[in-house]
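Down below is the structure, laid out as structure tokens.
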Amino acid sequence: MASRASSPSIATVRRFNRFYTGQIGLLNEGLLESPFSLTEVRTMYELAHRQQPTASDLCKDLGLDAGYLSRILRNFERQGLIEKKAAPQDARQSHLSLTKKGRQVFAPLDARSDTQVGAMLEKLSPAKKQDLLHAMRTIESVLSPQEKPANAYLLRQHRPGDMGWVIQRHGELYWREYRYGECFEALVAKIAGHFIENYDATRERCWIAEKDGENVGSVFLVQKSKTVAKLRLLLVEPSARGLGIGGRLVSECVRFAREAGYKKMMLWTQSELLAARAIYHKAGFKLVQEKKHRSWGRNDLVSETWELKLNP
């Protein structure tokens with residue numbers, strides 16, 4: 001039963017594999033118009049970009065059979081592409097590196113690969129390009145056997161261009177995940193615009209989370225009154241969820257609110273935003289009000305008001 005139930009998923013993955021291998025030319029006799037196979041070029045790439053790995057290192061990281069890798073390395077050695085040096089800590093192991101000839105052979109392959117990928121990306125609109133890159137990062141993070149460290153991102157204050165990103169991504173993600181219509185995007189635009197036009201750096205903040213040079217999260221802390229601050233527009237991109245970014249953004253809001261002298265924080269959210277609610281609860285916020293409403297093309301929503309009293 002489990003096998004039959006999973007067959008559509010298996011078929012989807014295999015269809016994608018067939019599509020992508022053809023898309024990037026892996027079905028050609030030689031990769032990148034060279035006499036080398038995909039595995040050989042991948043091995044060369046590791047030797048060019050790592051500090052003298054051993055054969056064991058390559059087997060582990062590339063998931064290759066030791067005998068298969070050994071044949072590849074012997075072939076490289078016969079062609080004068082690699083050199084071996086005995087490892088000082090273990091004479092049975094050898095540190096591997098490309099020779100001058102090996103680097104000369106690999107350089108045009110590397111450049112050709114960049115050109116090939118660049119040509120593929122040039123055909124896409126900016127939005128489609130970002131969709132592709134986000135999807136690729138998601139596949140990598142889900143399938144990677146090694147988790148990236150939770151601190152592999154940074155938080156910074158807003159700068160020109162960030163408000164447009166905040167508005168766009170709220171509109172796109174909330175439509176995709178919750179079917180909130182254009183009026184929701186208009187609300188976000190109104191909040192962001194009011195923040196910029198009335199920004200008080202001593203009492204308010206916007207934080208943007210960045211990962212690998214891309215915006216992946218946001219949150220705002222705005223002044224509601226002299227003693228009350230409001231947390232708004234918490235967002236984490238799907239590709240960056242699970243890294244603790246949402247919790248960190250909320251923690252920064254709480255820390256800043258205390259330092260700015262606020263006595264209380266409040267926020268308005270929806271009952272169906274379960275991940276966000278869990279973050280608020282963990283940060284110490286208490287649910288104080290619920291109200292059914294119809295908004296943004298949905299007639300089944302329940303809004304929630306949460307509050308956090310700040311100790312002096």
Under a 4.5 Å cut-off applied to non-hydrogen side-chain atoms, are Val219 and Leu235 in contact? no
Same cluster (ILVMFWY, side-chain, under 4.5 Å), Ile245 and Leu173: no
Close side-chain approach of Arg294 to Asp300, heavy-atom, < 4.5 Å: no
Atom OG in Ser94, atom CD in Glu77: separation rounded to 0.5 Å? 8.5 Å
Phe184 vs Tyr174 aromatic rings, parallel, tilted or perpendicular, using cut-offs 30° and 60°? tilted
Ile167-Trp268 co-clustered via ILVMFWY side chain contacts under 4.5 Å: yes
For Cys59 and Ala66, the nearest pair of non-hydrogen atoms, with its separation, is SG-CA, 3.6 Å
Between Phe106 and Leu69, is there a shared hydrophobic cluster once you connect ILVMFWY residues whose side-chain heavy atoms come closer than 4.5 Å? yes
Between Lys211 and Leu243, which heavy-atom pair has the shortest distance, and what is it? CE-CD1, 3.3 Å
Would you find a donor on one side and an acceptor on the other, under 3.5 Å apart, between the side chain of Lys128 and the backbone of Leu121? no
Going from CG on Leu98 to CD on Glu46, what distance comes out if it is rounded to the nearest 0.5 angstrom? 11.0 Å
When rounded to the nearest 0.5 angstrom, what is the spacing between CE in Met266 and NZ in Lys309? 13.5 Å
Throw together a table of side-chain donor-acceptor distances under 3.5 angstrom for residues 282-290, partners on residues two or more places apart or in other chains.
none

Could you check whether Arg169 pairs with Asp162 (Lys NZ or Arg NE/NH1/NH2 to Asp/Glu carboxylate O, under 4.0 Å)? no
Could you please spell out the steps behind the salt bridge (Lys or Arg N to Asp or Glu O under 4.0 Å) verdict for Arg232 and Glu204? CA-CA 11 Å; Arg232 312 204 77 170; Glu204 299 177 313; over 6 Å; no
Electrostatic pair Glu252-Arg255, nearest N-O below 4.0 angstrom: yes
Pairwise ring pair (Phe, Tyr, Trp, His ring centres under 6.0 Å) hits with a residue in residues 112-132, at least two apart: none
For Ile208 and Gln157: C-alpha separation, side-chain torsions, deciding distance, then whether side-chain contact (heavy atoms from CB on, under 4.5 Å) applies. CA-CA 6 Å; Ile208 299 294; Gln157 294 186 44; over 6 Å; no
Does one hydrophobic cluster hold both Tyr262 and Val250, with members joined at side-chain heavy-atom distances below 4.5 Å? yes
Closest approach of Leu109 to Val105 (non-hydrogen atoms, all atoms of both residues): CG-O, 3.6 Å
Pair His170-Ser218, side-chain contact (heavy atoms from CB on, under 4.5 Å): steps then yes or no: CA-CA 10 Å; His170 270 82; Ser218 69; 3.9 Å; yes
For a quick test of reading the model, state the closest non-hydrogen atom pair linking Ala119 to Lys123 and the distance between them. O-CG, 3.5 Å
Identify whether Trp165 and Met163 are in the same connected component of the hydrophobic contact network (ILVMFWY, side-chain heavy atoms under 4.5 Å). yes
pair Cys253-Met265: side-chain heavy atoms closer than 4.5 Å: yes
Would you say that more than 12 heavy atoms from the other residues, nucleotides or ligands in this model lie under 6.0 Å from the CZ of Phe256, or not? yes
I'd like to know if the side chain of Asp57 and the backbone of Thr54 have a donor-acceptor N/O pair within less than 3.5 Å. yes
Passes salt bridge (Lys or Arg N to Asp or Glu O under 4.0 Å), Arg241 versus Glu237? Steps please. CA-CA 6 Å; Arg241 292 171 187 170; Glu237 288 281 358; over 6 Å; no
Between the CG atom in Leu81 and the OG atom in Ser97, the distance rounded to the nearest 0.5 Å is 11.5 Å
Does the pair Arg298/Glu272 count as a salt bridge with the N-to-O cut at 4.0 Å? yes
Gln270-His293 side chain donor-acceptor pair, cut-off 3.5 Å: yes
Which residue is it: Tyr199, Trp207, Phe220? I am looking for the one with a ring pair (Phe, Tyr, Trp, His ring centres under 6.0 Å) to His158. Tyr199
Would you say Leu301 and Lys292 make side-chain contact, with heavy atoms under 4.5 Å? no
Evaluation steps, side-chain contact (heavy atoms from CB on, under 4.5 Å), between Arg258 and Lys263: CA-CA 7 Å; Arg258 285 198 173 101; Lys263 303 300 181 185; over 6 Å; no
Could you work out, with side chain to side chain donor-acceptor pair (under 3.5 Å) as the rule, every residue matching Trp306, not counting sequence neighbours? Glu304
Looking only at atom types and distance, does a side-chain atom of Arg179 sit under 3.5 Å from a main-chain N or O of Trp175, one as donor and one as acceptor? yes
So do Phe76 and Leu96 actually touch side chain to side chain, heavy atoms under 4.5 Å? no
For Glu177, does the CD atom have more than 12 heavy-atom neighbours from other residues, nucleotides or ligands under 6.0 Å away? yes
Under 4.5 Å between any side-chain heavy atoms of Glu214 and Gln130, yes or no? yes
Is there a side-chain contact between Leu47 and Leu58, using heavy atoms and a 4.5 Å cut-off? yes
When you look at Asp131 and Met136, which way does the side-chain contact (heavy atoms from CB on, under 4.5 Å) test go after all the steps? CA-CA 9 Å; Asp131 286 345; Met136 286 178 164; over 6 Å; no
When you measure from the side chain of Glu197 to the backbone of His194, do you find a donor-acceptor pair of N or O atoms at a distance under 3.5 Å? no
Minimum heavy-atom separation for Ser239 to His134, with atom names? OG-ND1, 3.6 Å
Measure the spacing between OG1 of Thr43 and CG of Leu64 and express it to the nearest 0.5 Å. 5.5 Å
Which value, rounded to the nearest 0.5 Å, describes the distance between Lys224 atom NZ and Leu221 atom CG? 13.0 Å
Which atom names give the shortest non-hydrogen contact between Trp296 and Cys183, and what distance separates them? CD1-C, 3.7 Å
Could you tell me if the side chain of Tyr68 sits less than 4.5 Å from the side chain of Ile72, heavy atoms only? yes
Quick one: do the Arg103 and Thr99 side chains pair a donor with an acceptor below 3.5 Å? no
